[in-house]
Enquirer: 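Let me begin by handing over the structure; questions about it come next.
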Amino acid sequence: MTEQQKLKWQPGRRDLLFFGIIAIVVLTLVLGSSERKTKPVPDDEMHRTATSRDACMTCHGSDGVSPQPKGHIKGGQCFQCHQQPKHWAGMQ
Ligand code: HEC
Ligand code: HEC
């Protein structure tokens, strides 16, 4: 490769700016869309170790410490809508 060819492949400042803008747009879209999702399941001890729907419902049923809001769907797979904790202990 000659010296001149090498130089051709150097991205210029404008290219970097262009990629920077693309990255920002993509990031904004990704972060923006995740905000519209439902609340994630907190990644704390009590949520990491609840490994069945029944376990969730002992606290989030109508008699629990933190009932689901009125009109919340009955049944359903919790993690389909509420993001599962990162360090979750089980499989649903
Ligand atoms: C031992 C009781 C308990 C168990 C079991 C439990 N939760 Fe919770 N959960 C709570 C409490 C208390 C809160 C509210 C306080 C907080 O944010 O930590 C909460 C909050 C939440 C929230 C809302 C978070 C927010 O930002 O307001 C979601 C969603 C949730 N739990 C889902 C689940 C799911 C799904 C399971 C089963 C895998 C589960 N919980 C098991 C007690 C429990
Ligand atoms: C079809 C989607 C869907 C499923 C499945 C689902 N939820 Fe929800 N849940 C929602 C929506 C929508 C809300 C409204 C508030 C929000 O944005 O999180 C909500 C709210 C909640 C809240 C109150 C959060 C707060 O503090 O405002 C709790 C607790 C909760 N859900 C628990 C559960 C549990 C436990 C399960 C599994 C048995 C479950 N959800 C399954 C859609 C769902």
Side-chain angles (χ1 to χ4, degrees):
M1 235 193 237
T2 69
E3 199 60 34
Q4 216 175 13
Q5 269 172 325
K6 261 191 211 159
L7 283 176
K8 266 190 193 164
W9 290 100
Q10 293 276 319
R13 264 186 207 184
R14 280 195 187 179
D15 299 314
L16 291 180
L17 189 69
F18 177 70
F19 286 126
I21 288 169
I22 301 257
I24 288 167
V25 168
V26 168
L27 257 169
T28 310
L29 289 175
V30 168
L31 294 178
S33 69
S34 67
E35 259 168 35
R36 283 195 294 275
K37 284 183 193 145
T38 50
K39 290 186 176 161
V41 177
D43 191 10
D44 56 21
E45 192 56 32
M46 79 191 161
H47 286 96
R48 260 176 251 149
T49 50
T51 52
S52 70
R53 200 178 164 276
D54 289 344
C56 307
M57 292 315 280
T58 57
C59 295
H60 294 297
S62 48
D63 306 324
V65 289
S66 177
Q68 292 167 334
K70 274 214 181 93
H72 188 282
I73 76 156
K74 304 276 172 273
Q77 299 272 302
C78 312
F79 295 149
Q80 229 165 43
C81 301
H82 300 283
Q83 195 188 29
Q84 136 184 349
K86 264 212 183 78
H87 305 100
W88 191 52
M91 306 286 288
Q92 194 164 2

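Worth saying up front: this structure is predicted, and the values here are computed from it rather than measured. One-based numbering, in listed order, for ligands and for the atoms of each.
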Enquirer: Considering only heavy atoms of A55, which atoms of ligand 1 have at least one such atom less than 4.0 Å away?
Expert: 5 (C)
Enquirer: What part of S66 sits under 4.0 Å from ligand 1 if we count only heavy atoms: the side chain, the backbone, both or neither?
Expert: side chain
Enquirer: Provide the number and element of each atom of ligand 2 under 4.0 Å from a heavy atom of R53.
Expert: 38 (C)
Enquirer: Check this for me: Q83, atom CD, are more than 12 non-hydrogen atoms of other residues, nucleotides or ligands nearer than 6.0 Å?
Expert: no
Enquirer: Starting from atom 1 (C) of ligand 1, which protein heavy atom do you reach first, and at what distance in Å?
Expert: C59 SG, 2.8 Å
Enquirer: Select the closest option to atom 34 (C) of ligand 2 among K74, H72, Q68, judged by heavy-atom distance.
Expert: Q68
Enquirer: What are the atoms of ligand 1, with element, lying closer than 4.0 Å to any heavy atom of F79?
Expert: 35 (C), 38 (C)
Enquirer: Could you state whether V30 and I22 fall into the same hydrophobic cluster, counting links through intermediate Ile, Leu, Val, Met, Phe, Trp or Tyr residues with side-chain heavy atoms under 4.5 angstrom apart?
Expert: yes
Enquirer: Is V25 reachable from L16 through a run of I, L, V, M, F, W or Y residues, each pair having side-chain heavy atoms under 4.5 Å apart?
Expert: no
Enquirer: With respect to Q77, determine whether any N or O atom, backbone or side chain, lies less than 3.5 Å from an N or O atom of ligand 2.
Expert: no
Enquirer: Which of the atoms of ligand 2 are close to C81, meaning less than 4.0 Å from one of its heavy atoms?
Expert: 1 (C), 2 (C), 3 (C), 4 (C), 5 (C), 42 (C), 43 (C)
Enquirer: Can you report which non-hydrogen protein atom sits closest to atom 38 (C) of ligand 1, along with the distance?
Expert: C56 SG, 2.7 Å
Enquirer: Check D15 against G12 and note the closest heavy-atom contact, atom names and distance.
Expert: OD2-N, 2.9 Å
Enquirer: Could you find the nearest protein heavy atom to atom 22 (C) of ligand 1 and give me its residue, atom name and distance?
Expert: P42 CD, 3.8 Å
Enquirer: Which of the numbered atoms in ligand 2 are under 4.0 angstrom from any heavy atom belonging to M57?
Expert: 38 (C)
Enquirer: Are F18 and V26 connected, step by step, through hydrophobic side chains (Ile, Leu, Val, Met, Phe, Trp, Tyr) whose heavy atoms are closer than 4.5 Å?
Expert: yes
Enquirer: Specify whether an N/O/S atom of H82 falls short of 2.8 Å from atom 8 (Fe) of ligand 2.
Expert: yes
Enquirer: Kindly assign one of parallel, tilted or perpendicular to the pair F79 and W88, based on the angle between their ring planes and the thresholds 30° and 60°.
Expert: perpendicular
Enquirer: P69 heavy atoms, cut-off 4.0 Å: which ligand 2 atoms fall inside?
Expert: 20 (C), 21 (C), 22 (C), 23 (C)
Enquirer: Please indicate, with yes or no, if any protein heavy atom is found under 4.0 Å from atom 43 (C) of ligand 1?
Expert: yes
Enquirer: Should you measure from each heavy atom of M46, which atoms of ligand 1 turn up under 4.0 Å away?
Expert: 1 (C), 2 (C), 10 (C), 11 (C), 12 (C), 42 (C)
Enquirer: If I compare all heavy atoms of P42 with all of P85, which pair ends up nearest, and what's the gap?
Expert: O-CG, 3.7 Å
Enquirer: Within the structure, is a non-hydrogen atom of G64 found at a distance of less than 4.0 Å from ligand 1?
Expert: no
Enquirer: Which one of D43, T49, D44 satisfies the side-chain hydrogen bond (donor to acceptor under 3.5 Å, both in side chains) criterion with H87?
Expert: D43
Enquirer: Checking a contact table here: which protein heavy atom is nearest atom 30 (C) of ligand 1, and how many Å away?
Expert: H60 NE2, 3.5 Å
Enquirer: Show the nearest heavy-atom pair for residues G76 and R53, with the distance to one decimal.
Expert: O-NE, 3.3 Å
Enquirer: Checking contacts here: is it the side chain or the backbone of T38 that comes within 4.0 Å of ligand 2, counting heavy atoms only? Could be both or neither.
Expert: both
Enquirer: Which protein heavy atom lies closest to atom 35 (C) of ligand 1, and at what distance to 0.1 Å?
Expert: C78 CB, 3.3 Å
Enquirer: Do any N/O/S atoms of H47 come under 2.8 Å of atom 8 (Fe) of ligand 1?
Expert: yes
Enquirer: Which pair of non-hydrogen atoms, one from Q68 and one from I73, has the smallest distance, and what is that distance?
Expert: OE1-O, 4.2 Å
Enquirer: Provide, to 0.1 Å, the distance between atom 18 (O) of ligand 1 and the closest protein heavy atom, together with that atom's residue and name.
Expert: D44 OD2, 3.8 Å
Enquirer: Considering only heavy atoms, does T51 approach ligand 1 within less than 4.0 Å through its side chain, its backbone, both, or neither?
Expert: neither
Enquirer: Which heavy-atom pair separates G64 from P67 by the least distance, and what is that distance?
Expert: O-CD, 3.7 Å
Enquirer: Considering only the protein, which heavy-atom contact is closest to atom 27 (O) of ligand 1, and what is its distance?
Expert: K39 CD, 3.6 Å
